[in-house]
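Everything below concerns the one structure shown next.
Nothing here was measured: the structure is a model prediction, and the numbers come from that model. Computed from heavy atoms alone, side chains included, the values below leave out hydrogens, waters and symmetry copies.
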Amino acid sequence: MGSKGIGLAIPVVGVSLFLMLVFFFLYNLLPSVCYITMSQQKKQQQQIQYTAQSYSEDPIGPPSEDDIKWAKSQLEKNRLGEGKGWHQLRKGINPRTREEQLQDLRKYKGISHYDDNNHTAMVCPGELLVEEHHSNYGEPWAGGRDVYEFLGRAARLRRDQRVLEVGCGTLRVALHFIRYLNPGNFHCLERDELSLMAAFRYELPSQGLLHKRPLIVRSEDMDLSRLGREGEDYVQYDLIYASAVFLHVPDALVWVGLERLAPRLAPIHGRLFVSHNIKFCTRLHGEECSKRLSKVGLEYVGKHTHDSFLFNHYEIWFEFCRSKS
């Protein structure tokens, strides 16, 4: 009995040792496999986290208090703005007014090329190169950023959503939305040829935004027919806005436009903002304004104001949504 027991133990021990060796061999291989898997998982998590930040944790808004403190501290550290007034400070190595720059462009056929051949990829008129169109608004060009921040924040806009501007002009506001939104998600109606020239031949190329492919349509009389479609249906927008446009449009045409815009507004969360005033509505007596809005499919939400960041100015905006009925 004893010898048989010992004889059986030897092969069992041998098998056990063999299995242990196999186990340790495989175990030594596992860390690299796990490392790759964990690395891939971490990368995927980072991508998901980045996407989440891009679409939901990346709100549009003005600079924070910390940002403003930092900027002011840099001015102080570099002793900027002390002593001499702004107009006494040296301005560049060859200061030229816009008019003088334009004369140079015309006289010398450019800046450094003096022949008659144009060496540019896209020919741009001199008036646009010296940014004369930046003075077309009656207020600083920087005000476009203020409008963008207010509207983007008010609409809780995400990068994957769509925006329509009625009358985007030379893109003073639109540039910021185009830069923020996913490619193709900014649309605009504009009737003025000069503004469209400035948009396509200067602003989009100079800002490096051609790849964003905004849909900017030349349109008269609130014609929305050339705007985008999704299959058989027209594209709906999460934000539609008109900055000062309705001030220069007859009331009858404004109502035509609102009737066409209402079905393009996304249900529930979609918002329409109109700036300055809504006299096209308030000129109607009694409850007629609300009735007219309801008839075109809109409801009045409220009135807002926002201040400019770089100059003493504020704007008034009126907010609308689609009717619940």
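The aromatic ring centroids of Tyr241 and Phe150 lie 6.0 Å or more from each other.
Here NZ of Lys295 is found 13.5 Å from CG of Leu258. Values are rounded to the nearest 0.5 Å. From Tyr202, atom OH reaches atom NE2 of His134 across 6.0 Å, with rounding to the nearest 0.5 Å. Between atom CD1 of residue Ile60 and atom NE2 of residue His176 there is a gap of 11.0 Å, rounded to the nearest 0.5 Å. The NE2 atom of His269 lies 3.5 Å from the CG atom of Asp238; values are rounded to the nearest 0.5 Å. Atoms CD and CG, from Gln161 and Asn182 in turn, are 10.0 Å apart once rounded to the nearest 0.5 Å. In this structure, the separation between CZ on Arg260 and CG on Asp221 is 8.0 Å, given to the nearest 0.5 Å.
For CD of Glu220, the number of neighbouring non-hydrogen atoms (other residues, nucleotides, ligands) closer than 6.0 Å is greater than 12. Glu193 CD: 12 or fewer foreign heavy atoms inside a 6.0 Å radius.
Between the side chain of Ser294 and the backbone N or O of Lys291 there is no donor-acceptor pair closer than 3.5 Å.
The side-chain heavy atoms of Leu151 and Val163, taken from C-beta on, include no pair separated by under 4.5 Å. Side-chain contact between Arg145 and Phe309 is absent, with no heavy-atom pair separated by less than 4.5 Å. At a threshold of 4.5 Å between non-hydrogen side-chain atoms, the residues Trp317 and Val147 count as touching. The closest side-chain heavy-atom distance from Leu164 to Arg264 is not below 4.5 Å. Within the 4.5 Å cutoff, the side chain of Trp141 has heavy atoms near those of the Thr170 side chain. Inter-residue side-chain proximity for Met222 and Val166 is flagged as met; some heavy-atom pair is nearer than 4.5 Å. In this structure, Glu165 and Phe177 have side chains that are not in contact, with every pair of non-hydrogen atoms separated by 4.5 Å or more. Side-chain contact between Glu315 and Glu139: present, with at least one pair of heavy atoms (C-beta onward) separated by less than 4.5 Å.
Heavy-atom minimum distance, Arg226 versus Leu215: O-CD2, 4.2 Å. Taking each heavy atom of Ala174 and Phe186 in turn, the nearest pair found is CB-CZ, 3.3 Å. Minimum interatomic distance between Arg153 and Pro62 (heavy atoms only, all atoms of both residues): NH1-CD, 3.2 Å. Considering every non-hydrogen atom in both Arg322 and Pro267, the closest pair reads NH1-CG, 3.8 Å. Contact between Asp223 and Ser219 at its shortest, heavy atoms only, is O-OG, 2.7 Å. The two atoms that bring Phe320 and Leu265 nearest to each other are O-CD2, 4.3 Å, heavy atoms only.
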For this session: Output, in order, the C-alpha distance, side-chain angles, deciding distance and verdict of side-chain contact (heavy atoms from CB on, under 4.5 Å) for Leu209 and Arg179.
Result: CA-CA 7 Å; Leu209 294 174; Arg179 186 177 291 111; 4.0 Å; yes
For this session: Could you walk me through whether Leu181 and Leu157 pass the side-chain contact (heavy atoms from CB on, under 4.5 Å) test, one step at a time?
Result: CA-CA 9 Å; Leu181 295 168; Leu157 196 66; 3.9 Å; yes
For this session: Start with the C-alpha gap between Glu76 and Lys72, add the side-chain angles, then the distance that decides, and say whether salt bridge (Lys or Arg N to Asp or Glu O under 4.0 Å) holds.
Result: CA-CA 6 Å; Glu76 186 176 345; Lys72 290 181 176 179; over 6 Å; no
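Between Phe318 and Tyr300, the two ring planes are tilted [angle within 30° to 60°].
Using modelled atom types and a 3.5 Å distance limit, the side chains of Ser64 and Asp66 yield no donor-acceptor pair. A donor and an acceptor atom, one from each side chain of Glu203 and His133, are located under 3.5 Å apart.
Residue pairs meeting the disulfide bond (SG atoms under 2.5 Å apart) criterion with at least one partner in residues 256-294, sequence neighbours excluded, are Cys281-Cys289.
In this view, Phe200 and Leu196, Leu204, Ile216 satisfy the side-chain contact (heavy atoms from CB on, under 4.5 Å) rule, not counting sequence neighbours.
In this structure, Leu247 is not a member of the same hydrophobic cluster as Leu284, with clusters built from ILVMFWY side-chain heavy atoms closer than 4.5 Å. A single hydrophobic cluster is seen to contain both Val296 and Leu227, as judged by linkage of ILVMFWY side chains at heavy-atom distances under 4.5 Å, directly or through other members. Leu253 is connected to Trp255 through a chain of hydrophobic side-chain contacts under 4.5 Å among Ile, Leu, Val, Met, Phe, Trp and Tyr, so both are in one cluster. Following chains of ILVMFWY side-chain contacts shorter than 4.5 Å, one can reach Ile316 starting from Phe246, so the two form part of one hydrophobic cluster. Residues Val274 and Val301 are members of separate hydrophobic clusters, defined by side-chain heavy-atom contacts under 4.5 angstrom among Ile, Leu, Val, Met, Phe, Trp and Tyr.
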